[in-house]
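Worksheet: the structure to be examined is printed underneath.
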Number of protein chains: 2
Amino acid sequence: MPADEKPSTSVWTRPRPRQREHLTREQIVAEAIRLLDAEGVGELSMRKLGTRMGTAATSLYRHVANKDELIELVVDEVYGELDVPTAPGGTRWRAAVTRTATELRAMTLRHPWIAPELGQVGLVHVGPNAVRMSSALLAQFEAAGFPAHEMDQATGTLMAYVIGIATTEAAYLSQIARSGKTEQEWVTGLRPAFDDATREHPRLRAGSSAQRDAHPQRIRDDNFAYGLDRVLDGLTARLTP
Amino acid sequence: MPADEKPSTSVWTRPRPRQREHLTREQIVAEAIRLLDAEGVGELSMRKLGTRMGTAATSLYRHVANKDELIELVVDEVYGELDVPTAPGGTRWRAAVTRTATELRAMTLRHPWIAPELGQVGLVHVGPNAVRMSSALLAQFEAAGFPAHEMDQATGTLMAYVIGIATTEAAYLSQIARSGKTEQEWVTGLRPAFDDATREHPRLRAGSSAQRDAHPQRIRDDNFAYGLDRVLDGLTARLTP
DNA sequence: TAACTCATGCGTACAGTGTTCGCATCAACG
DNA sequence: CGTTGATGCGAACACTGTACGCATGAGTTA
């Protein structure tokens with residue numbers, strides 16, 4: 001019905017004079033995050049984002065140069081969700097670092113679509129929020145007493161661990177999300193295929209798979225905490241020789 | 001000139017009867033890796049891959065279900081490059097694990113385009129080569145003396161660290177490769193912008209940036225080795241209480 | 001030798017993508 | 001009132017992954 005679209009003279013059918021600033025960079029980024037959270041990274045297209053905001057796809061290009069740039073903005077925006085504690089003195093640095101790491105992981109699991117992007121922009125990506133986070137983490141290690149030249153390496157080690165495990169988990173969760181099942185259904189459903197594939201590698205079939213199928217999420221939490229403790233153990237050993 | 005394309009009767013102009021098995025799954029995967037190494041992940045399209053192999057794009061679909069499946073195959077193929085040492089007894093487990101980790105990182109840096117894929121398929125991806133690798137690594141930790149239930153968590157910790165740091169490095173290297181510069185040119189060229197962006201976060205400006213600009217690759221190597229040692233320190237501590 | 005089967009290659013087509021360009025609109029300003 | 005400059009948007013381009021159906025010809029059977 002093109003008649004509907006024609007410039008009708010009636011005040012009611014005529015589209016509102018679309019006030020300025022209806023479309024801002026902030027709103028676009030926010031809506032993109034909402035879309036990504038809801039439908040995953042494969043469903044983010046400029047046109048789809050456009051219709052969601054009630055505009056044409058090409059209008060977005062007035063506020064954002066690229067889809068790539070949009071993604072950079074989006075990634076930095078979720079970094080902004082992190083609330084990194086300021087560096088405490090004494091021996092409480094470990095608690096602070098643990099909290100930072102835990103929050104970074106939680107953020108990644110909240111937005112699993114970020115995993116492939118981290119592999120593309122990495123941490124070269126220097127948005128303001130990412131910079132703030134890195135700086136705060138460095139401060140925590142400095143307060144712990146690491147010498148200047150080692151402070152860098154120590155934070156790098158921690159970040160690598162957290163990003164590595166969170167990325168792996170996020171990829172796993174994305175795959176589950178795409179299937180529409182819950183984590184438990186997915187795990188128990190795939191069990192026979194997995195057992196079959198690893199028949200010649202019995203070592204891969206760890207622990208009581210029954211228990212593992214029951215509380216997959218709890219096991220992931222435990223694994224994360226275990227590794228984090230080991231990494232921090234290894235780093236702490238450098239402080240008290 | 002469509003005349004050229006028409007089914008000419010001459011034996012010479014007529015295309016060779018294209019012997020069977022000209023196109024195999026193995027050849028497709030191999031050529032895809034070559035293309036990825038040469039031009040990066042953004043340049044891999046089925047048509048481009050097709051013309052490279054002297055066939056039409058759609059012909060590839062006789063041997064590969066999807067582009068996604070092709071990528072799964074490609075990822076597992078590069079896992080096959082790894083030569084994981086068999087588990088040694090005694091205290092030499094640490095050397096073996098170190099070598100495995102180093103090789104895994106080297107493989108990722110050889111094929112930087114793999115980083116975003118690892119974030120998509122993660123390690124849920126159970127191709128035969130990936131399984132072989134995981135199994136061998138588990139064996140190394142078992143030989144080290146980890147109890148059964150902890151063996152899993154220990155390997156997970158190590159893998160997370162290696163994947164995290166290698167992924168970050170790979171993303172960084174991909175970005176450089178796309179710019180056409182060398183790593184040194186890139187680093188020194190971006191220095192002013194970086195210094196500017198981190199003016200309010202002086203902690204981020206680590207060490208003598210002059211030396212850092214001179215041997216960026218060596219510094220990455222050192223950082224990797226440092227973190228790997230810390231992670232292994234933390235894990236070793238669990239063995240001798 | 002002749003007929004048949006069926007895996008393989010490929011041309012065409014479709015729906016969808018990111019992005020460019022030029023035109024229309026309209027708030028703000030002189 | 002006239003001008004300017006920012007903003008929205010329709011149309012178009014080059015490109016993507018992939019479904020479909022037809023042609024070919026090697027291998028097998030009669």
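Scope of the values below: all heavy atoms of this structure, side chains included, with no hydrogens, waters or symmetry mates. Below, chains carry the letters A, B, ... as their sequence lines are ordered, and counting in each starts from 1.
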Roughly, in whole Å, what's the span from CZ in A:R25 to P in D:dT7? 11 Å
4.5 Å side-chain heavy-atom contact, B:V84 and B:Q140: yes
B:L36: which of B:I71, B:L44, B:L49, B:V78 passes side chain to side chain contact (heavy atoms under 4.5 Å, CB included): B:L44
Would you jot down, in residue-number order, the residues of residues 42-50 of chain B having a non-hydrogen atom under 4.0 Å from DNA chain D? B:L44, B:S45, B:M46, B:R47
Using a strict threshold of under 4.0 Å (side-chain N to carboxylate O), is an ion pair present between A:R52 and A:E39? yes
Taking atom P of D:dA23 as reference, at what distance in whole Å does atom CZ of B:R62 sit? 14 Å
So what is the end-to-end bend of the helix from C:dT1-D:dA30 to C:dG30-D:dC1, with 5 pairs used at each end and the value given to 10 degrees? 10°
Given D:dT18, C:dT8, D:dC9, the nucleotide with the shortest approach to the side chain of B:N66: D:dT18
Could you tell me how far apart B:Y61 (OH) and D:dG17 (P) are, to the nearest whole angstrom? 6 Å
Charged N to carboxylate O under 4.0 angstrom, A:D76 versus A:R132? no
Is it true that atom CZ of A:R218 has more than 12 heavy atoms of other residues, nucleotides or ligands lying nearer than 6.0 Å? no
Any donor-acceptor pair, under 3.5 Å, between the side chain of B:T58 and the base of C:dG11, if you only look at N and O atoms? yes
Is the shortest side-chain N to carboxylate O distance from A:R25 to A:E69 below 4.0 Å? yes
As a test of reading the structure: which of D:dG17, C:dG18, D:dC9 is closest to the side chain of B:K67, going by heavy atoms? D:dG17
Out of C:dG9, C:dC10, C:dG22, which has the shortest distance to the side chain of B:T55? C:dC10
Without decimals, in angstroms, what is the distance between B:L60 CG and D:dT16 P? 13 Å
Distance check needed: C:dC10 P versus B:L23 CG, whole Å only. 8 Å
Measuring from B:Y79:OH to B:T108:OG1, what's the distance to the nearest 0.5 Å? 7.0 Å
Length of the NE2-P vector between B:H63 and C:dT8, whole Å: 6 Å
Nearest-nucleotide check on DNA chain D, A:A56 vs B:A65; residue mapping nearer the 5' end is A:A56
Taking B:V74's backbone N and O only, do any of them form a donor-acceptor pair with B:E117's side chain (distance below 3.5 Å, no angle check)? no
Between A:R105 and A:D221, does any NZ, NE, NH1 or NH2 come within less than 4.0 Å of an OD or OE carboxylate oxygen? yes
